Amino acid sequence: MKIFKSLILLLSTSLVYAQQSGTAIYGKEWLDPYTQTEKGQELKESDPKLYKEYLQTEQVQSKLTKQLNFSLEFNKDEGLFTMDEIMGVDDNPMMGLATGPYQGNYYQNNSSNEVVWQLKSFDGMYLIALSPIEWKLENKQKTINRYKCYKAKGNQMTYKKGDEVKTAVIAWYAPDIPFKFGPIGFNGLPGMILSLTTRGEHYFLKNIEFSKDEKMIEKPSDGKKMTYLEFVGIFDEKVDKIRP
């Protein structure tokens, strides 16, 4: 029986390596809600009414997030991560709680080591160049959707008011899926990222399909090109103007 299972696994892995492209579907959930933190529990004691408002908001956020699906289209060299359209999303002002501030399209190119985030924000469309992340591979493993995955940690450099801030990233990648892509622009591991946790968001693989034909990936071209630091500067400036 063990030999039979090993042969099936070997055959499945060989078939994956023979594929030229595919589509991975991800879901998302929010982690570490404020009401469960130490400060949230203190608020529960000091201001029960405000705490209840926070709790209700988090419940709405969780419910709406379950409606979201994200697609990662990929071939050997390129990947494009997008959020699937939802009917009536524009009519629901609360949907922004579910999508979060990092919605948009993420283009990845292994050959040029390029990651571009296309984001509609403020007064138009932006094409934001993201820096590659340095990963530290760990010898920890678990199974996700039948694939053996290994853990990797990294720190993404972000900025707040011009100062560098390190944001922790945890990924689980599958070496048996030899496409080096993942959710929201994270890539560069020796296998596809099936689970990603950062900034209080957790993306997880729901389904993946492969194709023997090479899928054409269209690089986003609409938007003003800039670095992430330049965009953060614009963001901070506009937020300061609307603050009371």
Side-chain angles (χ1 to χ4, degrees), residues 13 16-17 19-28 70-83 100-119 126-145 147-159 164-206 208 210 214-220 225-232:
T13 302
V16 171
Y17 272 82
Q19 309 307 313
Q20 295 298 315
S21 60
T23 302
I25 305 299
Y26 292 83
K28 186 178 83 166
F70 302 83
S71 295
L72 173 58
E73 306 280 345
F74 58 90
N75 57 35
K76 293 290 186 181
D77 292 320
E78 299 172 289
L80 183 64
F81 183 84
T82 62
M83 187 179 77
Y102 303 102
Q103 73 274 23
N105 304 321
Y106 291 82
Y107 170 81
Q108 308 166 52
N109 189 308
N110 288 333
S111 298
S112 63
N113 200 28
E114 181 181 18
V115 180
V116 177
W117 177 22
Q118 184 186 48
L119 173 68
Y126 295 85
L127 291 173
I128 306 162
L130 301 180
S131 301
I133 188 172
E134 292 186 5
W135 295 104
K136 180 181 179 182
L137 306 186
E138 297 189 359
N139 192 28
K140 294 182 180 180
Q141 58 180 271
K142 66 178 179 179
T143 300
I144 301 176
N145 284 38
Y147 294 99
K148 181 185 291 186
C149 295
Y150 292 87
K151 187 177 183 180
K153 286 184 178 180
N155 288 308
Q156 183 187 34
M157 297 305 300
T158 57
Y159 301 89
E164 289 188 347
V165 179
K166 289 185 178 180
T167 303
V169 184
I170 297 177
W172 292 87
Y173 65 95
D176 288 341
I177 306 179
F179 299 92
K180 301 179 180 182
F181 305 111
I184 54 173
F186 288 97
N187 63 357
L189 287 168
M192 181 168 286
I193 298 173
L194 305 192
S195 173
L196 180 86
T197 302
T198 185
R199 299 176 299 218
E201 297 180 329
H202 173 222
Y203 291 86
F204 54 92
L205 181 73
K206 299 175 74 173
I208 187 167
F210 301 98
E214 184 173 2
K215 186 186 296 288
M216 299 302 296
I217 305 298
E218 184 176 354
K219 179 181 177 180
K225 296 181 179 179
M226 62 183 59
T227 65
Y228 183 73
L229 179 57
E230 290 171 335
F231 174 74
V232 170

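Nothing fancy with the numbering, it's 1 onward along the sequence. Bear in mind that the values here come from a model prediction, so they are computed numbers and not experimental data.
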Got a second to check how far T167's OG1 is from Q156's CD, nearest 0.5 Å? 6.0 Å
Is V116 close to K225 at the side-chain level, that is, under 4.5 Å between some pair of heavy atoms? no
List the atom of K151, the atom of I170, and the distance in Å for their closest heavy-atom pair. CE-CG2, 3.8 Å
What are the two closest heavy atoms between L119 and Q103, and how far apart are they? CD1-O, 3.1 Å
Does the side chain of Y228 come within less than 4.5 Å of S131's, by heavy atoms? no
F186 vs T198, side chain to side chain contact (heavy atoms under 4.5 Å, CB included): CA-CA, chis, key distance, verdict: CA-CA 10 Å; F186 288 97; T198 185; 4.1 Å; yes
Measuring only between side-chain heavy atoms, which start at C-beta, is Y26 closer than 4.5 Å to F81? yes
Rounding to 0.5 Å, atoms CG (L80) and CG (N75) come to a distance of 10.5 Å
Residue pair L137, L189: steps toward the side chain to side chain contact (heavy atoms under 4.5 Å, CB included) verdict: CA-CA 9 Å; L137 306 186; L189 287 168; 3.5 Å; yes
Could you check whether any side-chain heavy atom of Q108 comes within less than 4.5 Å of a side-chain heavy atom of N110, counting everything from C-beta outward? no
Roughly how far apart are I193 CD1 and L205 CG, rounded to 0.5 Å? 11.5 Å
Those residues that, when tested against K28, pass side chain to side chain contact (heavy atoms under 4.5 Å, CB included) (two or more places apart): W30, T65, L68, F70, E201, Y203
Would one find more than 12 heavy atoms of other residues, nucleotides or ligands at under 6.0 Å from atom NZ of K206? yes
Can N109 and Y107 be counted as having a side-chain donor-acceptor contact under 3.5 angstrom? yes
Evaluate the side chain to side chain contact (heavy atoms under 4.5 Å, CB included) criterion for residues F74 and M192: first the C-alpha distance (whole Å), next the side-chain angles of each, then the deciding distance (0.1 Å), finally the verdict. CA-CA 10 Å; F74 58 90; M192 181 168 286; 3.6 Å; yes
For atom NZ of K148, decide whether the heavy atoms of other residues, nucleotides or ligands shown that lie under 6.0 angstrom number more than 12. no
Starting from the C-alpha separation in whole Å, work towards a yes-or-no answer on side chain to side chain contact (heavy atoms under 4.5 Å, CB included) for W172 and L194. CA-CA 6 Å; W172 292 87; L194 305 192; 5.7 Å; no
Could you check whether the rings of W117 and F231 sit parallel, tilted or perpendicular, using 30° and 60° as the cut-offs? perpendicular
Working to the nearest 0.5 Å, report the span between CD of E78 and CD of E73. 12.5 Å
Value for CD1 (I208) from CD1 (I177), rounded to nearest 0.5 Å, stands at 4.0 Å
For S111 and D77, which heavy atoms make the closest approach, and how far apart are they? OG-OD1, 3.4 Å
Can you pull the salt bridge (charged side-chain N to carboxylate O under 4.0 Å, His left out) pairs that have at least one residue in residues 101-119, sequence neighbours excluded? E114-K219
Do the side chains of L72 and P183 get nearer than 4.5 Å, heavy atoms only? no
Below 4.5 Å, heavy atoms only, C-beta onward: do P220 and L127 meet side chain to side chain? yes
Over all atoms of both residues, closest heavy-atom pair of Y102 and Y106: O-OH, 2.8 Å
All heavy atoms of G79 vs all of I217, minimum pair found to be C-CG2, 4.2 Å
Is there a side-chain contact between L196 and I184, using heavy atoms and a 4.5 Å cut-off? yes
Heavy-atom closest pair (V115 atom, G185 atom, distance to 0.1 Å) is CG1-O, 3.7 Å
Is K76 paired with E214 through a side-chain N to carboxylate O contact shorter than 4.0 Å? no
